[in-house]
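Report on the structure given below.
Letters A, B, ... mirror the listed sequences (proteins, then strands); counts begin at 1. All values derive from a computational prediction rather than experimental measurement.
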Amino acid sequence: MPAIVEVRGAVKDYPLGKLKVRALEDVSLSIEKGEFTVIAGPSGSGKTTLLNLIGCVDVPTAGEVIVDGQATSRLSDRQLTKLRLHSIGFIFQSFNLVNVLDVYQNVELPLLLQGKLGAAERHQRVKALIERVGIGEHLHHRPNELSGGQRQRVAIARALVTRPALVLADEPTANLDSVTGASILDLMRELNEAEQTTFLFSTHDHAVMQRARRIVRMLDGKLAES
Amino acid sequence: MQSLRLVLILAVRSLLAHRAKSLIIGSLLFVGTFVVVLGNALLDSIEEVMRTTLTHSLAGDFQLQSKDAEDALALFGGGGLGTSDIGEIPHFEQVEAEIGKIDGVRYLVPMGVTNATVFGRNEIDRVLTELRDALRDGDTERVPRLVARARRIVVDLSKALDTAKAIADEESYRKNAEALTKVGDDAFWTAFEPGGDALSALDFLDSRVAPLASDGDLYYLRVFGTDPERFVEAFPRFEIKEGQMIPPGRPGFLFNHRTYEKLIKNRVARELDALVDEADDGNTIADDPLLQQRVRRLADQYRLVTFQLEPEDATALTSELKGLLGQDGTLEELVQAFLKVDDTNVRERTAWFYEHMGTRIALHVPKVGDSVTLRGFTQSGYLRAVEVPVWGTYDFEGLEDADISGASNLVDLVTFRELYGKMSDSAREELAGIRQEVGVKALSREDAEAALFGGGGDVEVAVADQGALDVDIGAVNVVGPFERTFPAEETRTGLVLDVAIVLEDPDREAALRPELERVADGLGLKVLDWKEASGTLGQMITVLRITLLTAVAIIFLVALIIVNNAMVMATMDRVPEIGTLRAIGTQRTTVLGLFLVETGVLGLVAGGVGGLAAVGVIVWLQSVGIPAPADELVLLFGGPRLFPTIGLNDIVFGLITITTVAVASTLYPATLAARVPPIVAMRGRE
Ligand SMILES: Nc1ncnc2c1ncn2[C@@H]1O[C@H](COP(=O)(O)OP(=O)(O)OP(=O)(O)O)[C@@H](O)[C@H]1O
Ligand SMILES: [Mg+2]
């Protein structure tokens, strides 16, 4: 079974004035379907940088990142965008819902961008997913009418609605209290088990790490796999 | 398709979410559209009204003019008096043959314009002329009456002479006083009794006394020649106000009614009319020193009434005035007192004037039914005088109060050519015959000018030079002006200055122009549309359009800058949102579209409301009309009030412009937004 993500010797440098900051150094990693993997490490170790490369919002300075069979450094912005739309679901630390849209519309948004499903099928899928993440009664509320946990549930639904090969989450519980964070993580774990959705997320929360199936440890831009 | 729907939803939601911003930009776009739609509708209405008015009154849909012309036609003014060279078209029949056969051409109206002077004779001249006629006809009933009128004028002249004493040199004062003393004596007037030497008395009055009266008015008139029959058919706005149209095959003159009322009319009547107008406008004599001055001057004009009265009318009027004013005095004193009107009686006195005085004097000199002697210089510089009957007065419906059209008086084409200096064949032959019979009196230029400007009596002048055949026919005419005829085809052939083309269907103006130009070119003519041919008036529309466009351009420039700034700021605020959209798979172009659609929708909505508001205002104006703020604007408004209309094209044009401006002003902020990288979504927002 081919890996969904293949990172081979990835290097990422950030310019800092005249100097360069090396955020990633020779990182190689492979993620396969159905994984529920946590990237752990102290602040500044390069977790976000790695997720950005895998999430196709950034490309490596050297080395290769292959997502869903495509080497991202060879893709145009247009192709990268397409890859993000069709293969990846994002769950953000600060939820990043579109404030002018209600819950339903936020979840529907990636489907509309894809334009693949007909109205009936779309409606069915959006409704079902919103029920599934437990916010069925808030269908037509705006994000600012919801609590942090509820918002993150909407974000999860939005990330999953296109049935992506990979769901990325950079510190999904950082803005939530520990109880809510735990329930969000339980939800992701349930979805992982029920639908075989592949999850890759970062955290430095130990409670989160305990729920992971695989932990990838980072330090100073390098992998210290366990 | 789905993403377009999404873009629309997002755009509308964003607009609603940022209400303050949308409202500010929206009102700006609203005002912009309102001004554009309203301004355009008004201008279109003015243009349409003007088009109908002008094409139906004088201009036609097109005008033909010689290619050699130095100046463009200015049918409704613009060219200086007689100074412009609008060229000549030597053979109207050729134009009729060639242009006339083009499909879609309905009428060809030959035209020409020139300038002439006309005397409104002074009263003593009039009386003496009538007296001479009466003596010649042996009209024993009229002679004593005219003598009585002449005596009254002479008595009055003696009074005027005393006031002139200070300015006249001694020698001429002495001579004039002598002459007046002589005619002040009853013995002088016995010459007019049966058996007296009436003619030498008359000569004395003519040569020594008449010149003492202040000169009669000299009017400078713009005279417009055409084929009267064709003109009436081609121009539906033309209407006869008094008298009748010039009959076919006859020479004739029609006063423009406004000229007739404002220039030719007895000054007392005119001033009373004007004072009533002032009263109608709410201006009171008591509060206005200028009006008070006018009233004083009006009273000084009493002679314009008294000199014209027949003896029995003078007696009757004296007693009527005594009754009205409740005071005693001579006729002169009474009329003067009567004319000192005030705010309380100006209307009654004016009505009384028309009832009791207007019926006893000639209100217009010359008047409809008279014949006038038109004088002017021909193209080659010769003096010409042509006597023509005044058949009536006319105006163009809707333009009664317009100043510019008031300048043109109408003559038949043959008379026009005589004034202008090109004669028809029949006139030439007629003249040659007369020359043999009578011989022509040749005059020097000085004599001619003296005759033209001296205000003399009945001297009709003919000028000949170096045997040229350029001699006036009216002067040596043997039949009276009302009896003269000429072959009707003379107005259909020969020289004209310009030709009006009236189309079957005015909407085909643009379609027919190339064909007209092609044929006209072969005839050495150029084609002008009604706007180009109308002079300053036609340019006025263009000037108005440029003004509107400038105003609109400024409004839009301001809108552009404001919308641009507001949208740049909005983009800054929305960077995280845009980043999120980009991260979850929205293409750059979609983001670009999102911003453009946003202002586009706003433009359409605000523009739609602005357009509707403009429609509302126009509909309201349609029912009440916009009054022309000045007489000069009557022509522009096609009448005293403009009733504007609005077309779908005005609204569509406004909407398209405003939406374009809105979208254009968002181009820069939209590209900024499209450049937001998806990575910004990954940054925490603590
Ligand atoms: N855009 C950037 N420009 C310059 N340096 C950057 C940039 N993004 C990250 N870095 C640097 O790269 C290194 C790795 O940062 P990264 O954000 O990946 O760490 P992290 O493990 O996600 O930390 P945290 O747990 O605080 O989120 C850090 O030293 C950071 O300062
Ligand atoms: Mg991080």
Side-chain angles (χ1 to χ4, degrees), chain A residues 47-49 51-53 55-59 76-102 105-119 122 142-144 155 158-159 161-162 164 168-171 174-175 202, chain B residues 1-22 567 570-595 597-599 601-602 671-686:
Chain A
K47 307 182 293 291
T48 299
T49 306
L51 281 179
N52 284 352
L53 294 186
C56 302
V57 295
D58 209 350
V59 286
S76 66
D77 178 78
R78 197 171 183 85
Q79 290 165 316
L80 285 172
T81 306
K82 229 170 141 183
L83 190 58
R84 289 198 298 275
L85 176 61
H86 293 282
S87 307
I88 303 168
F90 286 91
I91 298 167
F92 304 90
Q93 185 180 325
S94 5
F95 327 127
N96 291 20
L97 298 176
V98 178
N99 281 321
V100 298
L101 301 181
D102 65 18
Q105 288 166 327
N106 263 287
V107 176
E108 189 190 26
L109 191 103
L111 289 180
L112 292 176
L113 287 171
Q114 282 189 339
K116 285 198 290 206
L117 295 187
R122 198 171 63 228
R142 295 284 185 93
N144 56 12
R158 181 178 68 183
V161 77
T162 58
L168 296 177
D170 192 10
E171 310 206 28
N175 284 340
S202 71
Chain B
M1 219 55 248
Q2 290 183 1
S3 80
L4 185 75
R5 216 195 90 198
L6 172 76
V7 162
L8 269 175
I9 293 173
L10 271 173
V12 171
R13 290 296 176 98
S14 301
L15 286 173
L16 292 176
H18 307 106
R19 263 187 210 110
K21 184 202 79 179
S22 305
M567 288 305 284
T571 313
M572 297 304 170
D573 288 347
R574 285 163 68 182
V575 163
E577 179 196 322
I578 301 160
T580 306
L581 287 173
R582 291 284 283 124
I584 65 173
T586 311
Q587 294 289 0
R588 271 188 188 167
T589 46
T590 312
V591 173
L592 194 80
L594 183 65
F595 274 71
V597 166
E598 220 177 283
T599 34
V601 166
L602 191 58
T671 38
L672 281 188
R675 273 196 228 135
V676 171
I679 200 165
V680 302
M682 315 311 277
R683 294 181 193 138
R685 260 192 275 173
E686 289 92 85

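- Chosen from A/L85, A/L80, A/L83, A/D170, the residue pairing most often with chain B at heavy-atom distances under 4.5 Å is A/L85.
- Between the side chain of B/Q587 and the main chain of A/R78, a donor-acceptor pair closer than 3.5 Å is present.
- Interatomic distance, B/R588 CZ to A/T81 OG1, rounded to the nearest 0.5 Å: 7.5 Å.
- B/L6 contributes atom CG, which lies 5.0 Å from atom CG of A/L112 (distance to the nearest 0.5 angstrom).
- From A/L101, atom CG reaches atom CD1 of B/I9 across 7.5 Å, with rounding to the nearest 0.5 Å.
- The CD1 atom of B/I584 sits 10.5 Å away from the CD atom of A/Q114 when rounded to the nearest 0.5 Å.
- In this structure, the side chain of B/R13 engages the main chain of A/V100 through a donor-acceptor pair within 3.5 Å.
- Comment: B/R582 engages A/D77 in a salt bridge, judged by a side-chain N to carboxylate O separation of less than 4.0 angstrom.
- In this structure a side-chain-to-backbone donor-acceptor pair under 3.5 Å is missing from A/R84 to B/G585.
- Rounded to the nearest 0.5 angstrom, A/L97 CG and B/T580 OG1 are separated by 8.5 Å.
- Interface check for chain A: of the options B/A583, B/S14, B/G579, B/A17, the most heavy-atom pairs under 4.5 Å are formed by B/A583.
- There is no contact between A/E171 and chain B, counting heavy-atom distances below 4.5 Å.
- Within 6.0 Å of the NZ atom in B/K21, the count of heavy atoms belonging to other residues, nucleotides or ligands exceeds 12.
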